[in-house]
Amino acid sequence: MADVVQNGLVALKTPEECQAEQIKAYVDEYAALALEAGRIKERIDWLKGFFETLATDDLKDTKLLTASYWGNQNSRVTVTNAASVKPVSLTMVKELLGKIAGDFIKTETTDTMTAPCKKLLAMAAQGSYTEGSLDSVIGQISADPKIQATLRKKLKGRWDRDKAMLMKVAGLPEQEASDWAYLAAEVINWEWLTQVLQAAGWKGSPQEAIDIIRAAVIVEETIKVGIEAETPKV
């Protein structure tokens, strides 16, 4: 415990109070550094614009593609002009090149997963589902037909919103609402998976499909940390 002097008396801070103060200090530090990083990026962008404009003028009417500028401490800024070709119609280019088009144009086929596909595969691979039906879950939450009807419309599998809605509509305490929102989200995932498999004409069991998914994809979990900082008033 830490000592705190108040009105000449010494009070001891609990470990929780010390940790809370440390967290606040870290938040303040993070916010200050984020603001400073923003100012640094803004200045760097301005300097890049300055050198781009300078190099454009210096390289005008020349065949040079690069301009270099030296500082006082053996530092150097290099500006390079590069042409980026983005075709409007490759069909026209192929017609132009005729029989030699294959020597100049490489044809590639790329399969890209959509966001819903990634979400579905990640859910299955990570086991973020519970077998069951949403109607069964709703029946356990409340026996009131009106509340049940509302829950069928409102439960969407978004834990935070569903939790708040269950507290408001079903009158559940926070922890119970949290538990039911979690279960509802997992059951909704299960129903989504089985519906997709049915639409795909899958003949095996859901578990067989899940085993294939787990063998076919690798899911890497990442954590993103964000900060909202307010510029101090002068």
Side-chain angles (χ1 to χ4, degrees), residues 16-17 19-31 34-35 38 110-231:
E16 291 77 13
E17 290 173 330
Q19 184 182 38
E21 288 191 0
Q22 186 180 49
I23 290 173
K24 290 180 180 179
Y26 285 162
V27 170
D28 292 340
E29 182 183 5
Y30 191 178
L35 285 172
T110 303
D111 293 327
T112 302
M113 291 188 292
T114 63
C117 180
K118 292 178 181 178
K119 181 179 178 181
L120 178 69
L121 296 181
M123 176 268 290
Q126 293 175 318
S128 301
Y129 58 82
T130 296
E131 294 186 37
S133 70
L134 185 59
D135 279 343
S136 174
V137 172
I138 291 173
Q140 296 176 66
I141 294 174
S142 174
D144 188 321
K146 292 183 179 179
I147 293 178
Q148 290 180 350
T150 301
L151 295 182
R152 286 190 187 94
K153 294 179 181 179
K154 297 289 187 179
L155 286 172
K156 300 297 183 182
R158 298 184 61 175
W159 176 83
D160 51 347
R161 293 189 177 185
D162 286 351
K163 171 187 169 183
M165 186 271 298
L166 286 167
M167 293 173 65
K168 180 179 180 180
V169 174
L172 300 180
E174 184 176 2
Q175 185 57 55
E176 188 176 349
S178 175
D179 293 340
W180 281 117
Y182 184 90
L183 179 59
E186 295 234 322
V187 168
I188 288 172
N189 282 344
W190 172 258
E191 289 188 333
W192 179 35
L193 175 62
T194 56
Q195 289 164 5
V196 170
L197 293 176
Q198 182 178 3
W202 174 251
K203 300 303 182 182
S205 68
Q207 186 57 52
E208 288 173 327
I210 292 167
D211 291 340
I212 291 175
I213 291 172
R214 288 175 175 169
V217 301
I218 296 175
V219 180
E220 295 181 350
E221 296 187 28
T222 58
I223 298 176
K224 295 182 180 180
V225 179
I227 182 69
E228 295 179 6
E230 190 173 312
T231 305

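Note that this is a predicted model, so its numbers are computed, not measured. Count residues from 1 along the sequence.
Between K163 and E174, the closest side-chain pair of non-hydrogen atoms falls below 4.5 Å. Within the 4.5 Å cutoff, side-chain heavy atoms of M123 are placed close to those of L193.
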For this session: Evaluate the side-chain contact (heavy atoms from CB on, under 4.5 Å) criterion for residues I218 and E220: first the C-alpha distance (whole Å), next the side-chain angles of each, then the deciding distance (0.1 Å), finally the verdict.
Result: CA-CA 6 Å; I218 296 175; E220 295 181 350; 4.2 Å; yes

Exercise. Could you walk me through whether V196 and W202 pass the side-chain contact (heavy atoms from CB on, under 4.5 Å) check?
Worked result: CA-CA 9 Å; V196 170; W202 174 251; over 6 Å; no

Exercise. Can you list the steps and then say if R158 with D160 is a side-chain contact (heavy atoms from CB on, under 4.5 Å)?
Worked result: CA-CA 6 Å; R158 298 184 61 175; D160 51 347; 4.1 Å; yes

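Here the NZ-OG1 distance, from K168 to T150, works out to 11.0 Å after rounding to the nearest 0.5 Å. Between the NZ atom of K146 and the CG atom of L151 there is a distance of 14.0 Å, given to the nearest 0.5 Å. Taking CG of D135 as the reference point, atom CZ of R152 lies at 4.5 Å (rounded to 0.5 Å). Here CD1 of I138 is found 12.5 Å from CG of D144. Values are rounded to the nearest 0.5 Å. Here the CD atom belonging to Q198 is positioned 10.0 Å from the NZ atom belonging to K203, to the nearest 0.5 angstrom. Atoms CE and OG, on M167 and S178 in that order, are 9.5 Å from each other to the nearest 0.5 Å.
Judged by distance alone, with hydrogens and angles left aside, the side-chain atoms of Q19 form no donor-acceptor pair with the main-chain N or O of E16 at under 3.5 Å. The backbone N or O of S128 sits less than 3.5 Å from a side-chain atom of N189, completing a donor-acceptor pair. Using modelled atom types, no side-chain atom of W180 and backbone atom of I141 make a donor-acceptor pair closer than 3.5 Å. Between the T194 side chain and the W190 main chain, a donor and an acceptor come within less than 3.5 Å of each other.
Among all heavy-atom pairs drawn from L134 and V187, the shortest one is N-CG1, 3.4 Å. Minimum interatomic distance between G157 and I188 (heavy atoms only, all atoms of both residues): N-CD1, 3.3 Å. Contact detail for W192 and P116: the closest heavy-atom pair is CH2-O, 3.5 Å. Of all the heavy atoms in A125 and V219, the pair that sits closest is CB-CG2, 3.7 Å. Nearest approach of L166 to A177, heavy atoms of both residues: CD1-O, 3.6 Å. L155 approaches M165 most closely through the heavy-atom pair CD2-CE, 3.5 Å.
At most 12 non-hydrogen atoms from other residues, nucleotides or ligands lie less than 6.0 angstrom from OH of Y182. In the displayed structure, Q140 atom CD is contacted under 6.0 Å by more than 12 heavy atoms of other residues, nucleotides or ligands. More than 12 heavy-atom neighbours from other residues, nucleotides or ligands sit within 6.0 angstrom of CD on Q126.
In this structure, a donor-acceptor pair under 3.5 Å is present between the side chains of D179 and Q175.
Partners of E21 according to the salt bridge (Lys or Arg N to Asp or Glu O under 4.0 Å) rule, which considers only residues two or more places apart in sequence or in another chain, are K13.
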